[in-house]
Protein chains: 2
Amino acid sequence: MSEVRRGPYAKTAERRQQILDAALQVFASRGYQAGSMREVARVANIQLSTLMHHFNSKEDLLLALLERRDADSPGQRTGTGDLIADVLSQARWNQTIPELIALYTVLSADSITDGHPGRDYFTERFTTVRRGFQEEFEKLRDAGRLRSGVDPRLAAGCITALWDGIQLQWLLQPDEIDVVAYLKAFLELITHPAEGTVSYQG
Amino acid sequence: MSEVRRGPYAKTAERRQQILDAALQVFASRGYQAGSMREVARVANIQLSTLMHHFNSKEDLLLALLERRDADSPGQRTGTGDLIADVLSQARWNQTIPELIALYTVLSADSITDGHPGRDYFTERFTTVRRGFQEEFEKLRDAGRLRSGVDPRLAAGCITALWDGIQLQWLLQPDEIDVVAYLKAFLELITHPAEGTVSYQG
DNA sequence: GTCTATAATATGATAGAC
DNA sequence: GTCTATCATATTATAGAC
C-alpha cells in the first residue's frame, strides 16, 4: 500500500500524497464538516473532478488522511525507553507541527457530531492510547517507580485527557501555555522524585 | 437583559429562548460551521426569516448561545465550600446534560479554526477557569491541604485540561469512561489523603 | 489521469407583503 | 413578528471529452 511503484501507479501514489497534504491543511484549519472538497482541490492545485477521481468521496479522503497520520507518526516512540523522557520528547516535537495537532484536536471533537465518519477511528484510538499508557504505568509500578496509591488505569486516562486538553489550550494561546511543563508536572506527581529516595510528607 | 418584561418584548424574550434551545441542539450535534440556520429554524418550528429577525446573523446566534450558557451555569458553584466535593458534584451534574457538554466540547475545538466567532470567548473562558482553579488551589495550599511540591498554577491548568479531555472521551464512550473517577483520582493525587494525616512513601 | 460542464441540492442573507 | 419568495453563492458528486 505504501510501496514505491513503477509504471502508471507511481504518479497516482504521488498525487495521493499531494492531495492528503492539502487535505491536512484544509481539515486542520476548517474542520471536517466545514472543510470542502473544492478547497482541498484548490490547495492541491488540481480540479475538483481530479480530486474525486483519486478519492471517491469526502469521507474516503478523511479516512485516508487519518490512516496516513498513524502510518507516519512514530507511535509509541521507544526513544530512550524512559517513559517520562519519551512523553516530554514527543510533546516537544508536537510543538513543531501545530498544523497536525490542530487537525487531531479539531477532528477528535468533531467526531462526536452526528454521523461523523471519523468517530470509530477516534474511539479506537483513545482506547489504544489509554491501554498503552496503562501498560507503561504498570511497568513503572512493578519497578517501584510509581507513587503508592496511583492506579495505572486511572493515571493512563488522566494523561491521555490532559495531553489533548492542554494542547487545545496551547493552540488557542501558544504563548501562554507550555504543554511540556504541564505534562512534566503531572508525570512527576505520579512517580517518585528520584531513584530510591524516600520522601516524607508532613 | 434577562429580566421578565411586559408588553411586546415578552414574546420576543420567549422566542429568543426557544430559538437558543434549538440552536443548542443543532450546534451540539453538528458543530457551528456545519450547523445551519435553516436547521435551527426547523427545530424551533419557525421560518428562517423569523429566526434571522431575532438574530441578525449566524454569528450573533452563536455568541448569544455562549452567553446564555454562562448566565445559566451555576459557575463557581460554592455548594459545600469544599473544592473537591464541589468539582465532583459539578462533574456528576454534567453527566445529566450531555447535550450541553457536547456543545461545549465541539465548539471549543471548533474555535481554533480560521475566523471562528467563538475564539475569543473560549480563550477568555480558559483563562478564567484556570485562574479560578489556581486561586482555589492556593487556598488549599495555605490551609496545608495541598501535597508538597504541587504548583497551584500548573495543577490548575492540569485539571482544566483533564476535565475537558476526559469529557470528550466520555462523549465517545459513555459506558467506558467514568469522568468523576478520573477527576477524583487527580484531585486526591494533589491533596493530602486526610486531615492532618502524615503519609509515608517508602 | 485530468479536464470542462453540469446536475441537484444547501447555504446565509434580504425584500417586502401582511 | 411572521411569513413567502428569492438572490447569489457554495456544496458533493457525476458525465463525458481528450
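Every value quoted in this text rests on a predicted model; they were computed, and no experiment measured them. Letters go in sequence order (proteins before strands), and every chain restarts at 1. Computed over heavy atoms, backbone and side chain alike; hydrogens, waters and symmetry mates excluded.
Taking each heavy atom of A/Ala155 and A/Val150 in turn, the nearest pair found is CB-CG1, 3.9 Å. Of all heavy-atom pairs between A/Gln173 and B/Arg130, the closest is OE1-NH2, 3.0 Å.
Rounded to whole angstrom, the span from the CG atom of B/Leu48 across to the C1' atom of C/dA15 amounts to 13 Å. Rounded to whole Å, the distance from CD on B/Gln33 to C1' on C/dG12 is 13 Å. Between the CZ atom of A/Arg30 and the C1' atom of D/dT11 there is a distance of 13 Å, given to the nearest Å. Note: CD (A/Glu59) to C1' (D/dT11) measures 16 Å, nearest angstrom. Per the geometry, CG belonging to A/Leu51 stands 13 Å off P belonging to D/dT11, to the nearest Å. Rounded to whole Å, the distance from CG on B/Leu61 to P on C/dT11 is 14 Å.
The side chain of B/Ser36 contributes no N or O atom lying less than 4.0 Å from OP1 or OP2 of C/dA10. At D/dT2, one or more side-chain N or O atoms of B/His54 fall inside 4.0 Å of OP1 or OP2 (strictly under the cut-off). Between B/Thr12 and D/dG1, a side-chain N or O to OP1/OP2 separation shorter than 4.0 Å is present. In terms of phosphate contacts, B/Thr50 brings a side-chain nitrogen or oxygen within less than 4.0 Å of OP1 or OP2 of D/dC3. A/Arg38 has no side-chain polar atom (N or O) that falls below the 4.0 Å cut-off from OP1 or OP2 of D/dA13.
With DNA chain D read from its 5' end, the first of the two nearest nucleotides for A/Glu39 and A/Asn56 is the one closest to A/Glu39.
Classification of the A/Phe133-A/Trp163 ring pair by plane angle, with boundaries at 30° and 60°, yields tilted.
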- Task: Apply side chain to side chain contact (heavy atoms under 4.5 Å, CB included) to the pair A/Phe126 and B/Leu168, showing each step before the final yes or no.
- Result: CA-CA 10 Å; A/Phe126 276 123; B/Leu168 168 59; 3.9 Å; yes
- Given the rule in the salt bridge (charged side-chain N to carboxylate O under 4.0 Å, His left out) test, do B/Asp82 and B/Arg145 qualify, once you have shown the distances and angles that lead to the verdict? CA-CA 11 Å; B/Asp82 179 62; B/Arg145 290 194 51 209; 3.3 Å; yes
- Pair B/Gln33-B/His116, side chain to side chain contact (heavy atoms under 4.5 Å, CB included): steps then yes or no: CA-CA 8 Å; B/Gln33 320 252 28; B/His116 196 288; 3.7 Å; yes
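Of the candidate nucleotides D/dT12, C/dT2, C/dC3, C/dT2 has the atom nearest to the side chain of A/His53. In this structure, the nucleotide among D/dT4, D/dT12, C/dC3 sitting nearest to the side chain of A/Ile46 is C/dC3.
Across all strands shown, B/Met52 has heavy atoms under 4.0 Å from base atoms, whether or not it also approaches the sugar-phosphate.
The base of D/dT12 has none of its N or O atoms less than 3.5 Å from a complementary donor or acceptor on the side chain of A/Ser57.
A cation-pi arrangement is absent between B/Lys58 and B/Phe27 under the rule of less than 6.0 angstrom and at most 45 degrees off the ring axis.
Contacts of residues 106-113 of chain A with DNA chain D (heavy atom under 4.0 Å): none.
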